[in-house]
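Every heavy atom of this structure was used, including side-chain atoms; hydrogens, water molecules and symmetry mates were not. Keep in mind it's a predicted model, so treat the numbers as computed, not measured.
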Amino acid sequence: MNTVFSFIDGQKKTLKDYTGQWLLVNFWSVSCPPCVEEMPDLSRLHSELNNEGFNVIGIAMPFDPPDMVVQTRQHKQLSYPIAIDIKGEANNAFGKIQVIPTSFLINPDGRVARKYTGVISYDGFKKELSQQQSVYKKGS
């Protein structure tokens, strides 16, 4: 999967740029109340765990107006980067997301360790990440 993420700050990255780190890729929409509800927890996870090799990327759905995406990021004061997927390339690369929010936990090797459909809670995700990291270390 060599999808290019186009962030609202102008940066472009691929999954390979996150090799060696844990990554949570979160698909969301400005018109999705559960998506907006989970943003503070995702922001907290990113802020607290970023120095430990964990990142969160939010990817707005292709139908979201870019100006609304930027406004939502500013209004929610998100600590993690937000990508705009106007052409739906990231959406297609991850299997044509139909339900939002949908998130993918990517391990340091760049493989999907877990798919989440629905809201992710801070406490639940931290526990799950710890379990996934333990399994990953045993397999390395």
Assigning hydrophobic clusters by single linkage (Ile, Leu, Val, Met, Phe, Trp, Tyr; side-chain heavy-atom cutoff under 4.5 Å), is [X] placed with [Y]?
X      : Y      : value
Val4   : Ile84  : no
Ile86  : Trp28  : yes
Ile59  : Val112 : yes
Val119 : Leu78  : no

Exercise. Could you walk me through whether Ile82 and Phe7 pass the side-chain contact (heavy atoms from CB on, under 4.5 Å) check?
Worked result: CA-CA 6 Å; Ile82 299 293; Phe7 295 101; 5.7 Å; no
Any idea which heavy atoms bring [X] and [Y] closest together, and the distance?
X      : Y      : result
Pro34  : Pro101 : CB-CD, 4.1 Å
Lys12  : Ser6   : NZ-OG, 3.0 Å
Ile97  : Met61  : O-CE, 3.9 Å
Ala113 : Trp22  : CB-CZ3, 4.2 Å
Tyr80  : Gly58  : CD1-N, 3.7 Å
Leu24  : Ser103 : CD1-CB, 3.8 Å

Between [atom1] on residue [X] and [atom2] on residue [Y], distance to nearest 0.5 Å:
X      : Y      : atom1 : atom2 : value
Arg73  : Met39  : CZ    : CE    : 10.5 Å
Tyr116 : Thr102 : OH    : OG1   : 12.5 Å
Gln21  : Glu52  : CD    : CD    : 12.0 Å
His46  : Ile57  : NE2   : CD1   : 9.0 Å
Leu42  : Ser47  : CG    : OG    : 11.0 Å
Asp85  : Asn92  : CG    : CG    : 7.5 Å

For this session: Establish, yes or no, whether a centroid distance under 6.0 Å links the rings of Phe54 and Phe125.
Result: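 Yes, they do, as the ring centres are separated by less than 6.0 Å.
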Exercise. Can a donor-acceptor pair be found between the side chains of Glu38 and Asn26 at a distance below 3.5 Å?
Worked result: yes
Problem set entry | Asp109-Tyr136 side chain donor-acceptor pair, cut-off 3.5 Å |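 Side chains of Asp109 and Tyr136: pair found under 3.5 Å.
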For this session: For the pair Phe104 and Phe27, name the ring-plane relationship: parallel under 30°, tilted 30 to 60°, perpendicular over 60°.
Result: perpendicular
Is there a side-chain contact between [X] and [Y], using heavy atoms and a 4.5 Å cut-off?
X      : Y      : result
Glu48  : Tyr122 : yes
Val25  : Leu23  : yes
Asp123 : Lys127 : no

For this session: Verify, without hydrogens or angle tests, whether Thr14 (side chain) and Thr3 (backbone) share a donor-acceptor contact under 3.5 angstrom.
Result: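 Not confirmed, Thr14 side chain does not pair with Thr3 backbone.
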For this session: Please test Tyr18 against Ile106 for side-chain contact (heavy atoms from CB on, under 4.5 Å), starting from the C-alpha separation and ending with a verdict.
Result: CA-CA 9 Å; Tyr18 297 94; Ile106 312 294; over 6 Å; no
Problem set entry | Residues Gln132, Asn107; criterion side-chain contact (heavy atoms from CB on, under 4.5 Å); working and verdict | CA-CA 8 Å; Gln132 289 290 337; Asn107 74 20; over 6 Å; no
